[in-house]
Amino acid sequence: MSEDRLSLNQWTTQRWSLREAVDGCVRHGVPAIGLWRQQVGEYGVAASARAVRAAGLRVSSLCRGGFLTSGGPLDDNRRAIDEAAELGAECLVLVVGGLPGVPPGATPPAWFSRDLPGARARVAEAVDALVPYAARSRVRLALEPLHPMYCADRAVISTLGQALDLVERHPPEWAGVVVDAFHVWWDPDLPAQIARAGASGRIAAYQVSDWLHPLPPEILLGRAMMGDGVIDLRAMTSAVLSAGYTGDIEVEIFNADVWAADPDEVLTTMRRRYRQMFADS
């Protein structure tokens with residue numbers, strides 16, 4: 001598989017500004033970029049759109065909307081949809097949120113909800129409310145299941161099957177799923193669910209990194225460069241491509257050592273590992 005499907009998720013080179021990340025992609029011949037709303041907001045949505053278009057880059061995704069289990073999330077998600085439309089993003093990634101009242105990465109307050117079925121029901125209701133707006137804006141929503149260790153505070157949807165159950169009642173051009181290797185590699189039903197997603201045209205994004213073992217104390221930073229962990233990325237990528245996915249392969253790494261390294265060296269390594277991992281795919 002050629003490098004014309006390679007995408008840099010902006011968080012992989014976290015200390016680069018949006019302008020620096022765009023220039024880095026051009027410098028290293030990376031044809032697509034996954035943007036984050038934080039950096040887009042700092043640079044300005046219109047200026048960000050101009051920058052990526054002037055550089056000739058595709059926007060493989062915009063991260064992120066979601067957190068649908070907390071109070072009043074719909075207005076912010078509509079703003080995220082508007083931003084994705086202006087940027088020309090292939091999809092808006094939705095991280096659906098954890099148990100109500102549990103803050104991401106922090107100790108729960110005295111009151112929080114333990115109602116997991118209720119939280120999942122709120123996600124379904126919010127997705128149903130957002131899809132019509134996304135369709136009018138010509139933006140595809142992409143639900144991202146997260147590893148079960150994040151269920152309490154980040155995503156009450158943990159498997160690709162759960163995400164597909166939510167999006168399959170909507171048209172596939174406006175509601176899909178993210179296959180993120182770090183989050184779904186452990187699932188014994190993954191091959192069948194990838195095939196299911198492909199058969200219905202639901203794979204909106206494919207994100208790759210590796211599972212660092214042992215995980216660091218801050219588990220959010222356990223994503224490694226491809227080949228530095230335990231995931232069989234060749235097999236997973238083969239399954240995703242066999243299911244009919246034709247989009248970008250986005251490298252998204254949260255890792256303190258990667259973030260501390262020279263971003264240009266990170267992109268050089270990323271391109272080399274991509275070729276090593278996926279040349280025969």
Side-chain angles (χ1 to χ4, degrees), residues 7 9 32 34-37 58-70 72-98 117-146 150-151 154-181 183-184 187 189-190 192-207 239-241 243-250 252:
S7 176
N9 184 284
L35 297 175
W36 276 71
R37 293 182 69 200
R58 299 185 300 275
V59 179
S60 54
S61 70
L62 177 64
C63 295
R64 62 196 178 190
F67 291 91
L68 305 173
T69 59
S70 59
L74 294 185
D75 285 348
D76 184 64
N77 278 281
R78 292 187 186 102
R79 285 191 292 272
I81 290 168
D82 293 342
E83 293 164 11
E86 187 165 355
L87 293 164
E90 290 294 321
C91 63
L92 172 65
V93 174
L94 299 182
V95 175
V96 300
R120 288 173 174 154
R122 292 178 74 174
V123 171
E125 292 168 1
V127 170
D128 290 346
L130 287 171
V131 168
Y133 187 86
R136 289 193 296 273
S137 303
R138 316 296 292 179
V139 170
R140 193 181 198 189
L141 303 181
L143 266 66
E144 182 175 13
L146 268 56
Y150 298 111
C151 186
R154 296 182 188 275
V156 295
I157 302 302
S158 303
T159 69
L160 200 57
Q162 288 176 306
L164 287 167
D165 289 343
L166 290 176
V167 300
E168 282 180 340
R169 49 190 171 185
H170 301 289
E173 58 266 38
W174 310 127
V177 296
V178 181
V179 179
D180 185 314
H183 289 302
V184 301
D187 185 356
D189 202 33
L190 182 62
Q193 295 303 325
I194 289 175
R196 173 188 171 192
S200 56
R202 298 286 176 175
I203 304 177
Y206 179 42
Q207 296 179 330
V240 169
L241 299 184
Y245 178 68
T246 59
D248 292 314
I249 297 178
E250 185 177 293
E252 183 184 54

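Atoms considered below: every heavy atom in the structure, side chains included; atoms not considered: hydrogens, waters and symmetry mates.
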Under the side-chain contact (heavy atoms from CB on, under 4.5 Å) criterion, do Val179 and Val184 qualify, and how do the steps go? CA-CA 7 Å; Val179 179; Val184 301; 4.2 Å; yes

What heavy-atom pair brings Val96 and Ala155 nearest, and what distance separates the two atoms? CG2-CA, 3.9 Å

What is the minimum heavy-atom distance between Cys63 and Glu252, and which atoms define it? SG-OE2, 4.2 Å

Given Glu83 and Leu62, is the side-chain contact (heavy atoms from CB on, under 4.5 Å) satisfied, shown in steps? CA-CA 8 Å; Glu83 293 164 11; Leu62 177 64; 4.0 Å; yes

Can you find a heavy atom in the side chain of Val95 that is under 4.5 Å from one in the side chain of Phe67? yes

Looking at side-chain heavy atoms only, is the closest gap between Ile81 and Ser137 below 4.5 Å? yes

salt_bridge(Arg58, Glu90) N-O dist < 4.0 Å: no

Heavy atoms of Ser60 and Asp248 approach each other most closely as CB-OD2, 3.6 Å

Assess the residue pair Leu94 and Asn77 against the criterion (side-chain contact (heavy atoms from CB on, under 4.5 Å)); give the C-alpha distance rounded to whole Å, side-chain angles, the decisive distance to 0.1 Å, and a yes or no. CA-CA 9 Å; Leu94 299 182; Asn77 278 281; 3.7 Å; yes

Tyr206 and Tyr245 have their tightest heavy-atom pair at N-OH, 3.5 Å

Shortest non-hydrogen contact from Leu92 toward Ala84: CB-CB, 4.3 Å

Can you spot which of Glu144, Arg140, Glu250 makes a side chain to side chain donor-acceptor pair (under 3.5 Å) with Ser61? Glu250

What I'd like to find out is whether the side chain of Arg120 reaches to under 4.5 Å of the side chain of Thr69, using heavy atoms alone. no

Any sub-3.5 Å donor-acceptor pair from Arg138's side-chain atoms to Ala85's backbone N or O? no

Does Asp189 pair with Arg196 as a salt bridge, N-O distance under 4.0 Å? no

Are any non-hydrogen side-chain atoms of Asn9 and Trp36 less than 4.5 angstrom apart? yes

With heavy-atom distances below 4.5 Å as the criterion, would you say the side chains of Gln207 and His183 are in contact? no

Under a 4.0 Å threshold between the charged nitrogen and the carboxylate oxygen, would Arg78 count as salt-bridged to Asp75? yes

Shortest non-hydrogen pair, Ile203 vs Ala243, comes out as CD1-CB, 4.2 Å

Evaluate Leu160 against Val177 for side-chain contact (heavy atoms from CB on, under 4.5 Å), listing each step before the verdict. CA-CA 8 Å; Leu160 200 57; Val177 296; 3.8 Å; yes

